[in-house]
**Q** 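First, the structure itself, so that you have it in front of you.
Whatever order the structure lists them in is the order used to number ligands and atoms, beginning at 1. Predicted, not measured: the structure shown is a model, and the values here were computed from it.
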Amino acid sequence: CVMRGAASRIVLVDLDTARARAEAEDIAHAVPFGHTVQVDAGDYDDLKGAGIVILACGVSQQPGETRLELLGRNAQVFRSVVGEVMRVCPDAILLIASNPVDIMTQITRDLSGLPASRVIGSGTILDTARFRWLLGRHLGIAPRSVHGYVLGEHGDSEVLAWSSARAGSASITSFSQQVGRPLTTETRAEIDTGVRRAAYTIIEGKGATWYGIGAGLARIVAAIASDEQAVLTVSCVSDILGVKTVACSIPRIVGARGVSMELLPDLSPDETEALTASAQLLKDTVTQVEV
Ligand SMILES: NC(=O)C1=CN([C@@H]2O[C@H](COP(=O)(O)OP(=O)(O)OC[C@H]3O[C@@H](n4cnc5c(N)ncnc54)[C@H](O)[C@@H]3O)[C@@H](O)[C@H]2O)C=CC1
Ligand SMILES: CC(=O)C(=O)O
């Protein structure tokens with residue numbers, strides 16, 4: 001957020017106050033190289049007046065652990081944190097990053113009582129970035145020129161929407177043939193694994209993922225702060241392909257009021273089936289959690 005000037009003030013609140021102070025100071029040292037943002041550590045009362053509150057607290061995956069395995073512990077953390085946040089800033093938009101992010105988004109919606117449009121999970125914004133990066137690298141073009149989405153759960157059941165992916169204005173299949181870099185079954189499988197298993201690989205190597213999610217959250221904050229009406233794959237409670245009241249990702253329009261609309265991309269029958277299964281998995285999991 002500091003590097004893209006997405007906020008005027010950032011307050012870090014953490015149970016570990018020494019860590020919050022240290023992180024705030026470290027981030028503040030980037031301000032002269034980025035944008036003029038006031039960065040401090042604080043407590044809940046210092047969040048008064050915040051337009052957006054990012055919830056990234058709780059536990060993270062250990063090597064080999066799935067995101068869904070974090071649910072019990074992070075649901076417990078959110079029961080106390082969401083109440084405190086609502087006490088001091090009931091009008092903020094809540095942006096959820098903690099995993100399993102779709103379920104934490106749905107739990108936060110229930111705990112806060114806010115309209116679904118104002119409780120946004122980072123969802124598959126990061127998986128979509130990974131997909132665009134890998135496709136761009138294969139095709140030899142900038143990831144920004146690749147338009148393709150990852151849908152459903154931010155997790156093992158996510159769906160890479162190959163059939164609607166485009167490079168510039170061409171389908172990726174046509175583009176890949178035109179540039180002589182075909183997307184063979186093997187290449188598609190490698191890209192699928194690169195997206196779906198990215199977090200596992202990075203956590204194996206360095207314990208956590210930081211930069212991709214940081215950039216993705218800052219992208220969402222910027223869209224809200226500037227009322228951009230950007231199309232982003234974020235998570236939000238809605239009905240997906242017949243699965244009622246479930247948080248998972250499809251492309252949604254994001255601006256100052258949060259999520260204003262959602263769009264289902266054109267999908268193949270296999271992708272439709274996989275997205276329905278992903279939404280159903282999340283729905284089945286969330287119904288086991290007591291809020
Ligand atoms: N949605 C996504 O794409 C991503 C999600 N994550 C998730 O974000 C979460 C945080 O990840 P990391 O920052 O790597 O973990 P971390 O362990 O470094 O930080 C979590 C922080 O939460 C704090 N905390 C714990 N309980 C708290 C409470 N009751 N009140 C206030 N603070 C509390 C801890 O003191 C700690 O500083 C994890 O659930 C992780 O899985 C991480 C990367 C990407
Ligand atoms: C940790 C996580 O959810 C990710 O990097 O995708």
Side-chain angles (χ1 to χ4, degrees), residues 11-24 26-27 41-47 53-88 94-108 111 119-134 150-158 160 192-221 232-236 247-249 282:
V11 178
L12 302 186
V13 180
D14 199 298
L15 205 56
D16 182 347
T17 52
R19 181 179 181 189
R21 275 198 303 276
E23 295 280 11
D26 197 6
I27 295 167
D43 57 25
Y44 286 106
D45 286 327
D46 295 308
L47 297 178
V53 177
I54 301 177
L55 299 179
C57 49
V59 289
S60 55
Q61 293 157 269
Q62 298 306 305
E65 203 174 19
T66 70
R67 296 174 180 88
L68 289 176
E69 287 174 290
L70 307 175
L71 177 55
R73 284 167 286 167
N74 282 346
Q76 189 61 36
V77 168
F78 270 45
R79 279 183 202 108
S80 62
V81 170
V82 173
E84 286 294 304
V85 170
M86 293 312 295
R87 178 178 64 76
V88 288
L94 305 186
L95 179 51
I96 319 303
S98 304
N99 275 316
V101 69
D102 303 291
I103 302 199
M104 299 315 300
T105 301
Q106 190 151 357
I107 289 174
T108 304
L111 288 170
V119 181
I120 304 173
S122 59
T124 54
I125 196 159
L126 179 53
D127 316 80
T128 290
R130 289 168 175 158
F131 188 33
R132 293 170 72 201
W133 172 66
L134 284 167
V150 178
L151 313 174
E153 180 196 7
H154 170 59
D156 300 349
S157 74
E158 67 193 21
L160 279 62
D192 184 285
T193 303
V195 174
R196 201 178 300 278
R197 301 293 303 172
Y200 292 99
T201 313
I202 297 169
I203 289 169
E204 201 69 55
K206 58 175 270 191
T209 64
W210 301 336
Y211 303 112
I213 185 59
L217 290 168
R219 177 71 190 86
I220 301 169
V221 170
L232 303 170
T233 46
V234 291
S235 195
C236 189
C248 72
S249 290
L282 289 166

**Q** Any donor and acceptor pair, going by atom type alone, linking the side chain of Asn74 with main-chain N or O of Val59 inside 3.5 Å?
**A**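 Yes; at least one donor-acceptor contact below 3.5 Å.
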
**Q** Closest non-hydrogen protein atom to atom 23 (C) of ligand 1, residue and atom name please, with distance?
**A**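 The closest heavy atom on the protein side is Asp14 OD1, 3.3 Å.
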
**Q** Quick one: side-chain hydrogen bond (donor to acceptor under 3.5 Å, both in side chains) partners of Ser235, sequence neighbours excluded?
**A**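 Only Asp102 meet the side-chain hydrogen bond (donor to acceptor under 3.5 Å, both in side chains) criterion with Ser235.
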
**Q** Looking at Thr128 and Val150, would you say the former's side chain and the latter's main chain have a donor-acceptor pair under 3.5 Å?
**A**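 Side chain of Thr128 to backbone of Val150, a donor-acceptor pair under 3.5 Å: yes, one is there.
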
**Q** Give me the nearest non-hydrogen protein atom to atom 32 (N) of ligand 1 as residue plus atom name, then the distance to 0.1 Å.
**A**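 Looking only at protein heavy atoms, the one closest to atom 32 (N) of ligand 1 is Leu15 N, 3.2 Å.
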
**Q** I'd like to know if the side chain of Gln76 pairs up with that of Arg79 as donor and acceptor (distance under 3.5 Å, no hydrogens or angles considered).
**A**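 The criterion, which ignores hydrogens and geometry beyond distance, is satisfied for Arg79 and Gln76.
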
**Q** With rounding to the nearest 0.5 angstrom, report the CZ to CD distance, Arg197 to Glu204.
**A**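 Answer rounded to 0.5 Å: 9.5 Å.
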
**Q** In the protein, which heavy atom is nearest to atom 20 (C) of ligand 1, and how far is it?
**A**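 Here the nearest protein heavy atom works out to Gly58 O, 3.2 Å.
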
**Q** Quick one: does ligand 2 sit under 4.0 Å from the side chain of Arg130, the backbone, both or neither, non-hydrogen atoms only?
**A**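 The answer is the side chain.
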
**Q** How far is atom 5 (O) of ligand 2 from its nearest protein heavy atom, and which residue and atom is that?
**A**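 Nearest protein contact, heavy atoms only, for atom 5 (O) of ligand 2 is Thr209 OG1, 2.7 Å.
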
**Q** Can you pull out the closest protein heavy atom to atom 6 (N) of ligand 1? Residue, atom name and distance to 0.1 Å, please.
**A**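 Among all protein heavy atoms, the one nearest atom 6 (N) of ligand 1 is Asn99 ND2, 3.5 Å.
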
**Q** Show the atoms of ligand 1 that are less than 4.0 angstrom away from any heavy atom in Leu126.
**A**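 Reading through ligand 1 atom by atom, the close ones are 3 (O).
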
**Q** Could you see which bit of Leu126 sits under 4.0 Å from ligand 2, with heavy atoms only: side chain, backbone, both or neither?
**A**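 The answer is the side chain of Leu126.
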
**Q** If you count the atoms of ligand 1 from 1 in the order shown, which ones are under 4.0 Å from a heavy atom of Ser98?
**A**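 Heavy-atom distances to Ser98 below 4.0 Å select 7 (C), 8 (O), 9 (C), 39 (O).
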
**Q** Short question: side chain of Arg73, backbone of Gly58 - any donor-acceptor pair under 3.5 Å?
**A**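 No, Arg73 side chain to Gly58 backbone: no donor-acceptor pair under 3.5 Å.
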
**Q** Distance to 0.1 Å, residue and atom name: give those for the protein heavy atom nearest to atom 15 (O) of ligand 1.
**A**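 I find the closest protein heavy atom is Ser60 OG, 3.7 Å.
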
**Q** Among all protein heavy atoms in this structure, tell me which lies nearest to atom 16 (P) of ligand 1, with the distance rounded to 0.1 Å.
**A**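 Ranked first by proximity to atom 16 (P) of ligand 1 is Arg19 NH1, 3.5 Å.
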
**Q** Give the minimum heavy-atom separation between Leu70 and Glu65, together with the two atoms involved.
**A**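 Closest heavy-atom pair between Leu70 and Glu65: CD2-OE1, 3.7 Å.
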
**Q** Applying the side chain to side chain contact (heavy atoms under 4.5 Å, CB included) criterion to Leu55, which one of Val85, Thr105, Leu95, Val13 satisfies it?
**A**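 Per the side chain to side chain contact (heavy atoms under 4.5 Å, CB included) rule, the option paired with Leu55 is Val85, out of Val85, Thr105, Leu95, Val13.
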
**Q** Considering heavy atoms of the protein only, find what lies nearest to atom 38 (C) of ligand 1 and give residue, atom and distance to 0.1 Å.
**A**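 Checking every protein heavy atom, the shortest distance to atom 38 (C) of ligand 1 gives Val59 O, 3.1 Å.
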
**Q** Do the non-hydrogen side-chain atoms of Ile54 and Val221 ever get within less than 4.5 Å of each other?
**A**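 Yes, side chains in contact.
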
**Q** I'd like to check which ligand 2 atoms, numbered from 1 as shown, lie under 4.0 Å from a non-hydrogen atom of His154.
**A**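 Atoms satisfying the 4.0 Å criterion: 2 (C), 3 (O), 4 (C), 6 (O).
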
**Q** Around atom 1 (N) of ligand 1, find the nearest protein heavy atom and jot down its residue, atom name and distance.
**A**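 The answer is Ala97 O, 2.9 Å.
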
**Q** What atoms in ligand 1 come closer than 4.0 Å to a heavy atom of Asp16?
**A**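 Result: 35 (O).
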
**Q** Which bit of Ile213 is near ligand 1, meaning a heavy atom under 4.0 Å away: side chain, backbone, both or neither?
**A**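 Side chain only.
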
**Q** Quick one: pull up OG1 in Thr108 and CE in Met86 and give me the separation to the nearest 0.5 Å.
**A**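 So the gap between those two atoms works out to 10.5 Å.
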
**Q** For ligand 1, which atoms have a heavy atom of Val81 less than 4.0 angstrom away?
**A**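 Answer, ordered by atom number: 28 (C), 29 (N), 30 (N).
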
**Q** Let's go through Trp210 and Ile202 carefully: what are the C-alpha distance in whole Å and the side-chain angles of both, what is the deciding distance for side chain to side chain contact (heavy atoms under 4.5 Å, CB included) to 0.1 Å, and is it a yes or a no?
**A** CA-CA 10 Å; Trp210 301 336; Ile202 297 169; over 6 Å; no

**Q** Hey, which atoms in ligand 2 end up nearer than 4.0 Å to a heavy atom of Ala199?
**A**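 It comes down to these atoms of ligand 2: 2 (C), 4 (C), 5 (O), 6 (O).
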
**Q** Should Arg87 and Asp45 count as an ion pair when the cut-off is N to O under 4.0 Å?
**A**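 Salt bridge: yes.
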
**Q** Should you measure from each heavy atom of Thr209, which atoms of ligand 1 turn up under 4.0 Å away?
**A**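 With Thr209 as reference, the close atoms of ligand 1 come out as 43 (C), 44 (C).
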
**Q** Is it true that a side-chain atom of Ser122 and a backbone atom of Ala97 form a donor plus acceptor pair closer than 3.5 Å?
**A**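 A pair under 3.5 Å: no.
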
**Q** Taking N or O atoms only and a 3.5 Å limit, does Ser122 qualify as a polar contact for ligand 1?
**A**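 Yes, since at least one N or O of Ser122 sits under 3.5 Å from an N or O of ligand 1.
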
**Q** Using heavy atoms and a threshold below 4.0 Å, how should the contact between Asn99 and ligand 2 be classified: side chain, backbone, both, or neither?
**A**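 It is the side chain that gets close, since no backbone atom is under 4.0 Å.
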
**Q** Answer side chain, backbone, both or neither: which part of Asn74 comes under 4.0 Å from ligand 1, heavy atoms only.
**A**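 Near ligand 1, Asn74 shows its side chain, while the N, CA, C and O stay back.
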
**Q** Identify, by atom number and element, the atoms of ligand 1 in contact range of Ala56, meaning under 4.0 Å from any of its heavy atoms.
**A**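 Listed by number with element: 9 (C), 10 (C).
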
**Q** Identify, by atom number and element, the atoms of ligand 1 in contact range of Cys57, meaning under 4.0 Å from any of its heavy atoms.
**A**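 The list of qualifying atoms is 22 (O), 24 (N), 32 (N), 33 (C).
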
**Q** Testing the basics here: between Asp156 and Glu153, what is the closest heavy-atom pair and its distance to 0.1 Å?
**A**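 Looking at all heavy atoms of both residues, the shortest contact is N-OE1, 3.6 Å.
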
**Q** For Ala208, take its heavy atoms, then give the atoms of ligand 1 lying under 4.0 Å from any of them.
**A**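 Contacts of ligand 1 toward Ala208, numbered from 1: 14 (O).
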
**Q** Roughly how far, to the nearest 0.5 Å, is the CD1 atom of Ile103 from the OG atom of Ser98?
**A**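 The OG atom of Ser98 sits 13.0 Å away from the CD1 atom of Ile103.
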
